[in-house]
Novice: 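Got a structure for you, questions after.
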Number of protein chains: 2
Amino acid sequence: MKHIAESTVRRLSLYLRFLEEFEAHGHQTISSGELASQGGTTSAQVRKDLSFFGSFGKRGLGYSVNDLSSRLREILGLGRPWKVVIVGAGKIGAALAQYRGFRERGFRIVGIYDVDPQSIGLALDGVTVRDQRDMEADLASLHAEIALLSVPAEVAQPLTDRLVAAGIGAILNFASTPLHVPPHVTLRSVNMALELEILSYALVNRDA
Amino acid sequence: MKHIAESTVRRLSLYLRFLEEFEAHGHQTISSGELASQGGTTSAQVRKDLSFFGSFGKRGLGYSVNDLSSRLREILGLGRPWKVVIVGAGKIGAALAQYRGFRERGFRIVGIYDVDPQSIGLALDGVTVRDQRDMEADLASLHAEIALLSVPAEVAQPLTDRLVAAGIGAILNFASTPLHVPPHVTLRSVNMALELEILSYALVNRDA
DNA sequence: GTTACTTTGTGAAATCATTCACAAGCACCC
DNA sequence: GGGTGCTTGTGAATGATTTCACAAAGTAAC
């Protein structure tokens with residue numbers, strides 16, 4: 001298939017969220033316009049995004065909420081659960097472990113690792129923090145596909161290398177340093193300080 | 001000034017980080033190519049980004065690490081401290097409160113608010129959690145410019161409305177729901193479940 | 001001072017993403 | 001069954017961002 005822009009995938013994810021809300025409210029169909037107004041985009045954008053994957057709507061009517069949800073879940077790879085490990089059981093790691101949004105979407109935390117003896121052995125949301133030395137062996141037996149990396153910047157790259165060597169498929173990085181991974185591994189970063197700096201820029205350039 | 005793309009601002013922020021590392025290593029000058037290789041971009045991109053704001057380099061030599069850092073800090077509005085409040089003292093709010101990256105960049109947490117009597121009164125990294133009912137009065141006296149919103153999705157929009165009414169300038173939203181703000185308020189959202197879904201998409205479409 | 005070498009700054013070209021605009025398809029009503 | 005009113009799907013147009021490519025400007029060596 002043609003390459004799909006990240007912005008498109010991000011919006012599909014949002015659409016799915018609205019569809020689930022609509023479903024909960026008992027609605028059967030939804031138009032591209034309704035979907036757009038929720039997500040702060042345009043109806044043309046919605047239709048274009050969907051058109052990359054097929055035609056799911058009925059002209060004159062809109063989209064079946066149920067059908068479109070299933071199709072989106074399928075497209076996004078949410079049809080099956082994903083096994084996730086958390087590397088770093090500090091404050092951020094702990095917050096991630098208990099975050100309900102992950103489980104709701106089929107992301108199951110199957111392991112949490114740290115080096116601090118104080119943390120090892122603690123149960124975070126039902127999962128026991130294990131020694132980072134056990135990480136490779138666990139990954140080999142659990143076959144987790146995704147890692148959440150919430151460790152200090154200094155150790156982020158070495159741990160990334162270990163995860164990659166252990167066969168991880170994707171990493172979500174919360175450390176404030178850019179990481180390097182081989183092309184077959186997918187990497188995304190969430191950098192909160194950077195988000196604040198973008199806000200700072202916007203504040204000083206408000207009327208520019 | 002001409003409108004600057006968000007992607008450009010984001011990269012400027014990254015450049016500043018590398019410059020600080022270079023500074024710490026005692027380097028005096030840096031070329032666009034060196035700056036680019038750190039951030040996973042190209043030297044042309046670096047030069048284009050900087051060119052929107054002026055010409056800071058010396059041909060044949062590169063950029064003075066010191067000068068360029070100062071100029072970037074100025075451009076990004078980091079020359080002065082920003083007052084930040086955290087709304088929602090749950091796990092994510094607590095993790096944000098203790099996050100060192102904020103303070104290092106001049107973002108000072110001046111208030112934390114919650115509704116849970118169990119949380120109110122707790123000290124998180126030196127700041128006492130206060131009752132959410134005190135929020136408006138505090139904002140009026142503190143003049144905080146930025147709010148970090150880490151509350152359940154259901155109450156995110158009403159709290160946003162209260163922050164806007166109280167004169168907040170920018171909001172960083174961690175709730176997994178899109179928010180609406182008037183145009184004079186800057187809003188950014190960090191949606192961790194959505195980031196995981198983008199990884200999920202990448203995993204199932206790896207070889208597509 | 002001239003030559004060789006390096007790196008910036010920037011128009012122009014290329015690529016990528018969004019918006020427009022409208023034909024085609026479907027439901028509903030009379 | 002034909003008319004009316006919506007809404008989709010999609011080429012074409014526009015707009016935005018990135019990459020290219022090169023003249024201009026600097027350093028350093030002799």
Novice: Kindly say whether Lys83(A) contributes a backbone atom to a donor-acceptor pair with the side chain of Glu145(A) at under 3.5 angstrom?
Specialist: yes
Novice: Starting from P on dT17(D), measure out to CD1 on Ile4(B) and report it in whole angstrom.
Specialist: 9 Å
Novice: Just how far, in rounded Å, is P of dG9(C) from CZ of Phe53(B)?
Specialist: 14 Å
Novice: Taking OP1 and OP2 of dT19(C), is either one under 4.0 Å from a side-chain nitrogen or oxygen of Gln45(A)?
Specialist: yes
Novice: In residues 6-41 of chain A, what residues come within less than 4.0 Å of DNA chain D, judged by heavy atoms?
Specialist: Ser31(A), Ser32(A)
Novice: Tell me: CG of Asp49(A) to P of dT8(D), nearest whole Å?
Specialist: 13 Å
Novice: Would you confirm whether Asp114(A), through its side chain, and Ala89(A), through its main-chain N or O, come within 3.5 Å as a donor-acceptor pair?
Specialist: yes
Novice: Between dG26(D), dT10(D), dA24(D), spot the one nearest the side chain of Lys58(B), thanks.
Specialist: dG26(D)
Novice: Can you tell me how the ring of Tyr99(A) sits relative to the ring of Phe102(A), calling it parallel under 30°, perpendicular over 60° and tilted otherwise?
Specialist: perpendicular
Novice: Tell me: CG of Leu61(A) to P of dT8(D), nearest whole Å?
Specialist: 9 Å
Novice: Just the rounded figure in Å: distance from P of dA16(D) to NE2 of His3(B).
Specialist: 9 Å
Novice: When you measure from the side chain of Ser119(A) to the backbone N and O of Val115(A), does any donor-acceptor pair fall under 3.5 Å?
Specialist: no
Novice: Go through dG9(C), dG9(D), dA21(C) for me and flag the one nearest to the Tyr63(A) side chain.
Specialist: dG9(D)
Novice: Would you kindly compare Arg47(A) and Arg47(B) by the position of their nearest DNA chain C nucleotide and give the one closer to the 5′ end?
Specialist: Arg47(B)
Novice: Do Ser13(B) and Arg17(B) have side-chain N/O donor and acceptor atoms under 3.5 Å apart?
Specialist: no
Novice: Checking Ser200(B) side chain against Leu76(A) main chain: does a donor-acceptor pair fall under 3.5 Å?
Specialist: yes
Novice: Report yes or no: is there a donor-acceptor pair, N or O only, under 3.5 Å between the side chain of Arg59(A) and the base of dT8(D)?
Specialist: yes
Novice: Heavy atoms from C-beta onward define the side chain here; which of dA25(D), dT10(D), dG25(C) lies closest to that of Lys48(A)?
Specialist: dT10(D)
Novice: Taking the minimum atom-to-atom distance to the side chain of Ala44(A), which one of dT8(C), dA21(C), dA23(C) wins?
Specialist: dA21(C)
Novice: Would you confirm whether Lys91(B), through its side chain, and Gln98(A), through its main-chain N or O, come within 3.5 Å as a donor-acceptor pair?
Specialist: no
